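To start, the structure itself, in structure tokens.
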Amino acid sequence: MGRFVARRLLQMIPVFIGTTLLIFLMVYSLPGDPIKALFGSKAADPATVARLRHQYGLDKPLLTQYWDYLTGLFKGDFGQSFTGRPVADLMSDAFPVTIRLALLSFAIEVVLGVSLGMLTGLKRGKLVDQLVLILTLVVVSIPVFVIGFLTQFTLGMKWKLITPTVQDSMNVGQLFVPAMVLAALSLAYVTRLTRTTVVENLRADFMRTAVAKGLPRRRVLGVHLMRNSLIPVVTFLGTDLGMLMGGAIVTEGIFNVQGVGNTLFKSIQTSEGPTVVGIVTVLVLVYLVSSLVVDLLYAVLDPRIRYA
Amino acid sequence: MPEKTLAPEANPAPEAAAPAQPNSGQNKARSLGQDAWRELRASPLFWISAVLLVLFILMAIAPSLFTSGDPRHADLRGHYLAPPSWSHVFQDDWFGYNGQGQSVYARTVYGARASIIVGVCVTLAVTVIGGFFGMLAGYFGGWLDALLSRITDIFFGIPLLLGALVMLQAFAHRTVWTVVLGLTVFGWMQIARVMRGAVITQKQADFVTAARALGAGTGRILFRHILPNAIGPVIVVSTIALGGYISTEATLSYLGIGLQDPVISWGVDISAAQTTLRDAPHVLLVPATFLSLTVLAFILLGDAVRDALDPKLR
């Protein structure tokens with residue numbers, strides 16, 4: 001187990017370096033000069049431009065800049081945005097909001113998705129099953145931003161149940177509707193995935209054995225069926241947490257949630273290189289760590305899987 | 001099984017149990033593809049999605065078949081946000097007018113082209129690139145597999161939408177082809193993984209050993225023996241993903257970093273309709289419905305193809 005974790009952690013290093021390098025190269029080789037943009041429509045003073053370029057290290061070769069960034073990162077320094085604010089500071093404002101939003105979505109997706117999947121899997125072919133399946137197809141087909149608009153329009157403008165945009169981004173109650181919208185797509189996937197594995201496992205030998213042993217229905221469904229059916233679902237959920245945080249760009253934009261997605265999108269639009277790279281670095285870390293956690297969870301769910 | 005010489009002569013006798021074979025009376029060995037096609041024909045989902053897709057593709061190729069209106073003609077004074085007239089089927093004012101006084105119906109019909117081109121081209125590019133990498137990694141294994149798998153992991157770390165956003169931001173003038181490029185660069189990994197898995201399973205099969213024993217070269221083994229047997233899951237994944245690419249293109253256009261105004265696209269129109277959502281929801285709902293139906297059609301097609309290709313479900 002310990003050796004497996006160590007090996008996985010070592011494997012994560014090249015991926016982490018590769019991904020951050022990729023995003024770094026993309027952001028900094030973009031045309032358009034962020035320093036000149038700071039001057040707005042005024043003509044830029046060449047001496048000041050040169051000084052600022054030097055201050056942000058933009059006069060060095062790209063790979064040297066990346067090396068500086070990486071070494072800074074290990075000291076906990078994410079660099080400075082072109083507006084002069086430390087990126088770490090910007091992120092400490094945005095991440096708490098998005099973590100709330102993403103965790104809320106994640107909870108909705110897990111609880112609702114797994115229970116709907118179990119329900120439809122057990123009632124295969126019945127009316128509930130058909131209804132939920134059609135509903136998931138509809139949800140998967142409608143792009144998230146359209147779902148967001150429709151929710152905002154019906155709940156916010158027509159029925160006035162919620163304010164059309166979020167007023168206080170740290171308020172979990174107000175984040176509930178955006179979290180629903182953010183979760184919708186993954187919720188549909190989780191439901192379908194759980195249903196498929198439940199249907200497969202219902203025919204499995206161990207299920208027949210469990211029933212034949214005379215175990216109570218609760219235990220058969222709750223332990224024997226659930227535990228075996230959750231393995232592929234956990235795989236999906238593991239990669240999904242990172243996606244939820246990155247995918248919040250659209251949802252946060254529609255509902256005006258002041259989180260990572262919003263900050264990231266604004267930074268991309270204004271070529272705020274350091275902020276984009278910083279946020280993506282953290283998102284990549286979340287993605288890598290959650291896929292590691294998934295691998296470890298396999299062993300908990302399925303004792304047949306052993307890590308040498 | 002070998003003794004059924006009577007069957008071809010006794011043709012008129014309807015054999016209820018025998019599978020219907022329209023042209024030949026004999027039971028010929030069927031290829032995987034033929035088998036899948038027979039399954040597909042029996043599936044209502046396949047026909048629903050096929051009809052929808054033929055409609056949308058026709059719309060993309062020849063929009064003037066569906067509308068005589070001009071999608072760029074704007075009459076602000078006469079038609080500003082005019083509501084739909086549901087009884088005027090196939091007329092310019094069928095779905096009302098948008099905030100520029102343009103016919104929503106004409107724009108929606110003409111918008112199909114951009115979405116379909118992006119979806120189809122990205123899927124083709126992604127399947128070829130991802131399929132190629134996956135095949136190499138799966139067949140050769142060793143350091144090549146390790147290298148290609150790490151590269152796949154690196155690209156997987158960046159979500160499709162995010163990567164495409166950062167990349168497309170660099171282009172001041174974005175056409176359909178720049179969007180295709182952006183989505184391809186960050187979209188090929190899934191196919192590569194599926195292909196790699198499928199090739200690893202297939203390369204241990206007896207027929208591969210047999211082919212090698214008969215002296216077939218690497219190229220022949222890969223393309224004539226392994227590829228036809230490994231392509232099934234790839235086709236399923238790419239068909240379902242096609243809908244996703246169309247949806248992502250629309251999302252990019254909605255964020256203002258996808259297609260740009262002279263191009264007529266559902267995403268651009270939905271994005272423009274945000275501002276008038278409160279007064280005229282139809283301007284947003286119509287292109288959104290067409291967009292969703294297209295995505296749905298590809299997902300249904302993918303589902304139907306998977307059911308047809310997966311022998312476990314028979």
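Reminder, nothing fancy here: chain letters follow the sequence lines and each chain counts from 1. Atoms considered below: every heavy atom in the structure, side chains included; atoms not considered: hydrogens, waters and symmetry mates. Keep in mind the model is a prediction, meaning the values are calculated, not measured.
- At a 4.5 Å heavy-atom cutoff, A:Phe16 makes no contact with chain B through either its backbone or its side chain.
- Sorted by first then second residue, the side-chain hydrogen bond (donor to acceptor under 3.5 Å, both in side chains) pairs that include residues 153-168 of chain B, not counting sequence neighbours, are B:Arg150-B:Asp153, B:Asp153-B:Arg193.
- Only the side chain of A:Leu22 comes within contact range of chain B, with heavy atoms under 4.5 Å apart.
- Here the CG-CD1 distance, from B:Leu162 to A:Ile268, works out to 5.5 Å after rounding to the nearest 0.5 Å.
- When the candidates B:Leu165, B:Ile246, B:Thr294 are compared by the number of heavy-atom contacts under 4.5 Å with chain A, B:Leu165 comes out ahead.
- Considering every non-hydrogen atom in both B:Ile299 and A:Ser141, the closest pair reads CD1-OG, 4.3 Å.
- The two residues B:Ala288 and A:Val146 make their nearest non-hydrogen contact at CB-CG1, 3.7 Å.
- Classification of the B:Tyr254-A:Phe149 ring pair by plane angle, with boundaries at 30° and 60°, yields perpendicular.
- You'll find the side chain of B:Ile257 reaches within 4.5 Å of the side chain of A:Gln269, heavy atoms only.
- Nearest approach of B:Leu291 to A:Pro143, heavy atoms of both residues: CD2-CG, 3.4 Å.
- Ranked by heavy-atom pairs shorter than 4.5 Å toward chain A, the options B:Leu255, B:Ile270, B:Leu300 are led by B:Leu255.
- Distance check: B:Leu285 CG to A:Leu150 CG gives 6.0 Å after rounding to the nearest 0.5 Å.
- Here the options are A:Leu264, A:Val277, A:Ile23, the test is side chain to side chain contact (heavy atoms under 4.5 Å, CB included), and the partner is B:Val166; only A:Ile23 passes.
- Contacts of A:Ile17 with chain B are absent, with no heavy-atom separation under 4.5 Å from either backbone or side chain.
- In this structure, CG on B:Asp303 lies 5.0 Å from CZ on A:Arg192, to the nearest 0.5 angstrom.
- Residue contact with chain B, scored on non-hydrogen atoms closer than 4.5 Å, is absent for A:Leu21.
- Counting heavy-atom neighbours within 6.0 Å of A:Phe78 CZ, excluding the residue itself, gives a total above 12.
- For a residue to count as touching a neighbouring chain, one of its non-hydrogen atoms must lie under 4.5 Å from one of that chain's; by this rule A:Val276 touches chain B with the side chain only.
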